[in-house]
Amino acid sequence: MNMRTLLCVNTDEVWCPPPQLSSLGWHICLVSSPQEAFSLYAQQGPRVGLVLLSEGSAEALEALFRQTCGTMIWVALVPPHLLAQPRMQELLLNYCFDYHSLPAGDDRLLAVLGHAFGIACLRGNTLRPCDHGKESGGLIGNSPAMQQAMGRVERLARVDSSVILQGESGTGKELVARQIHRQSVRADGPFIAINCGAIPPSLIQSELFGHEKGAFTGAWRRHIGCVEMAHRGVLFLDEIGDLPLSMQVNLLRFLQERTIVRVGGVEPIEVDIRVIAATNRSLDQEMAQGHFRADLFYRLCVLDLALPPLRERGEDIMLLAQYFLTKMGGILNPQVQGFTACATRQMLQYHWPGNVRELKNRLERALVLCDGHRIDHQHLGLSLPQAEGGIRPLNLVRAEAECEAVRRALVLCGNNVTEAARHLGISRLTLYRVLERSTPPLPPEAQLS
Ligand SMILES: Nc1ncnc2c1ncn2[C@@H]1O[C@H](COP(=O)(O)OP(=O)(O)OP(=O)(O)O)[C@@H](O)[C@H]1O
Ligand SMILES: [Mg+2]
């Protein structure tokens with residue numbers, strides 16, 4: 001982005017940006033909260049941010065800084081009384097290029113912002129603006145929905161309360177649970193996962209809490225259960241909605257008392273764990289139908305996170321597709337470099353009932369089947385519904401509108417890619433990506449320069 005866009009986050013009313021900024025060529029986007037700032041960042045990709053630190057905004061600002069600092073440079077304005085606060089000092093040291101205590105001299109501020117913009121442009125040559133969130137512990141996603149989820153993961157990792165993760169099958173609940181564990185104070189402790197739906201009801205008690213030798217026929221030695229194994233770590237209760245009612249009482253008792261007794265044992269054993277539970281069912285509905293205990297739900301659901309289905313993540317579909325292609329392609333089929341326009345279009349249009357897991361599995365299959373350089377639609381085997389009543393998926397409409405805009409710009413700029421990209425306010429790389437997806441492909445005689 002060549003325009004000098006300044007993202008001003010004014011969390012308090014005590015300050016307003018110097019009027020000279022506009023005459024110096026700055027385009028100012030003024031927002032009043034870190035949340036608004038993030039959505040503007042996602043839309044416009046500014047390079048420089050000016051933020052007024054205020055009491056109570058530290059957590060939200062840190063999340064904003066973390067998500068944007070790969071591609072933005074931040075300058076802070078600090079009310080003098082906040083400068084002495086260790087939390088504010090930490091933010092300044094970790095994320096800000098420079099700061100001024102208020103009142104800030106306009107001239108000095110303008111000079112610093114100019115300097116910040118220069119540095120941001122230099123960095124811009126080596127950074128790809130919207131790819132910053134690309135990999136965060138294996139969790140891929142740039143869509144606003146996923147960025148929001150990732151921000152929440154970070155916050156969930158900082159506390160020790162129980163969490164419920166909700167989302168359709170294959171949306172990444174286990175991946176997120178592992179991420180929370182990895183980023184938390186329990187990272188050095190174990191992460192023990194148990195699938196409540198996959199164990200016969202008669203064995204669940206012993207699987208969770210363990211048993212003593214001779215507790216029942218076949219218990220020929222002591223068995224340590226998952227809860228005990230997860231001591232000082234995280235217990236991941238997958239498919240919690242499938243836990244039989246009788247076991248729900250036992251789990252509730254454990255959560256209240258934080259001690260267990262092994263089956264056939266007498267001694268209570270203290271266990272220190274954090275519980276993360278996941279479900280792809282609606283627990284509200286399960287509770288209404290009397291299949292899930294409300295008291296257990298409220299114990300578990302101190303915090304929650306809902307993962308969006310893949311079809312609602314827009315461009316993440318292609319980001320993930322490319323990620324899996326790179327990850328698996330090297331082993332399965334190194335000659336495959338990308339996707340045909342038709343494959344891309346179908347992937348954006350498909351409903352993805354099995355979400356990210358389905359995408360990954362279909363790509364694995366496609367890599368095995370593909371004998372060219374690009375995965376085509378027939379390798380993916382997606383069955384697409386006919387468009388109903390003229391309503392078309394937003395992903396597709398968006399992708400087509402982008403292609404159209406790029407084509408038009410190229411025509412107007414005589415196929416000069418650099419010029420077209422400049423007018424569109426995107427990088428050459430982004431322009432090529434959009435072109436790659438377009439159908440019909442650009443005519444071969446078009447000489448792009
Ligand atoms: N955002 C993501 N980025 C990269 N890989 C992902 C992402 N989300 C999911 N995956 C991958 O997709 C697969 C399914 O994820 P996971 O097992 O965490 O889903 P789940 O929600 O627990 O599914 P289920 O409800 O069926 O148990 C895994 O291989 C995981 O690594
Ligand atoms: Mg799972």
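As a basis for the values below, the full set of heavy atoms in this structure was taken, side chains included, without hydrogen atoms, waters or symmetry mates. Indexing begins at 1, ligand by ligand and atom by atom, following the structure's order.
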Among the heavy atoms of G170, does any lie under 4.0 Å from an atom of ligand 1?
yes

Discussion item. With salt bridge (Lys or Arg N to Asp or Glu O under 4.0 Å) as the criterion, how do R186 and D160 come out once you've worked through the C-alpha distance, each side chain's angles and the decisive distance to 0.1 Å?
Written reply: CA-CA 9 Å; R186 294 180 180 269; D160 206 37; 2.8 Å; yes

For T171, the ligand 1 atoms with a heavy-atom partner under 4.0 Å come out as 8 (N), 19 (O), 21 (O)

closest protein heavy atom to atom 4 (C) of ligand 1 is G138 O, 3.0 Å

Going by the 4.0 angstrom heavy-atom rule, the piece of F236 near ligand 1 is neither

Apply side-chain contact (heavy atoms from CB on, under 4.5 Å) to I224 and R262, showing your working. CA-CA 8 Å; I224 303 296; R262 296 185 196 126; 3.7 Å; yes

Ligand 1 to F324, heavy atom cutoff 4.0 Å, flagged ligand atoms 5 (N)

#### Entry: Within 6.0 Å of CD in Q148, more than 12 heavy atoms from elsewhere
no

Next on the checklist: Would you call the rings of F209 and F254 parallel, tilted or perpendicular, taking 30° and 60° as the class edges?
Outcome noted: tilted

Enclosure of R408 CZ (heavy-atom neighbours >12, cutoff 6.0 Å): no

In ligand 1, the atoms that come under 4.0 Å of a heavy atom of I140 are 1 (N), 2 (C), 3 (N), 4 (C)

Short version for N280: what comes under 4.0 Å of ligand 1, heavy atoms counted, is side chain

Test ring pair (Phe, Tyr, Trp, His ring centres under 6.0 Å), reference W74, set F97, F65, Y41, output is F65

Atom 7 (C) of ligand 1 sits nearest the protein heavy atom L175 CD2, 3.5 Å

Examine the side chains of R253 and Q256 and answer whether a donor and an acceptor come within less than 3.5 Å of each other. no

| Pair T171-N355, side-chain hydrogen bond (donor to acceptor under 3.5 Å, both in side chains): steps then yes or no | CA-CA 6 Å; T171 45; N355 294 290; 5.4 Å; no

re atom 15 (O) of ligand 1, the protein heavy-atom contact at minimum distance is G172 CA, 3.7 Å

re atom 10 (N) of ligand 1, the protein heavy-atom contact at minimum distance is V356 CG1, 3.4 Å

*Taking N or O atoms only and a 3.5 Å limit, does K173 qualify as a polar contact for ligand 1?*
yes

*Geometric class of the F191/H181 ring pair [parallel <30°, tilted 30-60°, perpendicular >60°]*: tilted

In this structure, atom 22 (O) of ligand 1 is nearest to the protein heavy atom E174 N, 3.2 Å

Rounded to the nearest 0.5 angstrom, the OG1-CZ distance for T279 and F297 is 10.0 Å

For L139, the atoms of ligand 1 under 4.0 Å from one of its heavy atoms are 1 (N), 3 (N)

**Message:** When you compare ligand 1 with L320, is there at least one nitrogen or oxygen pair between them that comes in under 3.5 angstrom?
**Reply:** no

| 4.0 Å protein heavy-atom contact status of atom 2 (C) of ligand 1, strictly under | yes

the protein heavy atom lying closest to atom 17 (O) of ligand 1 turns out to be R357 NH2, 3.0 Å

Nearest non-hydrogen protein atom to atom 28 (C) of ligand 1, with distance, is K360 NZ, 4.5 Å

Check: Within a radius of less than 6.0 Å around CZ of R158, do more than 12 heavy atoms belonging to other residues, nucleotides or ligands occur?
Finding: yes

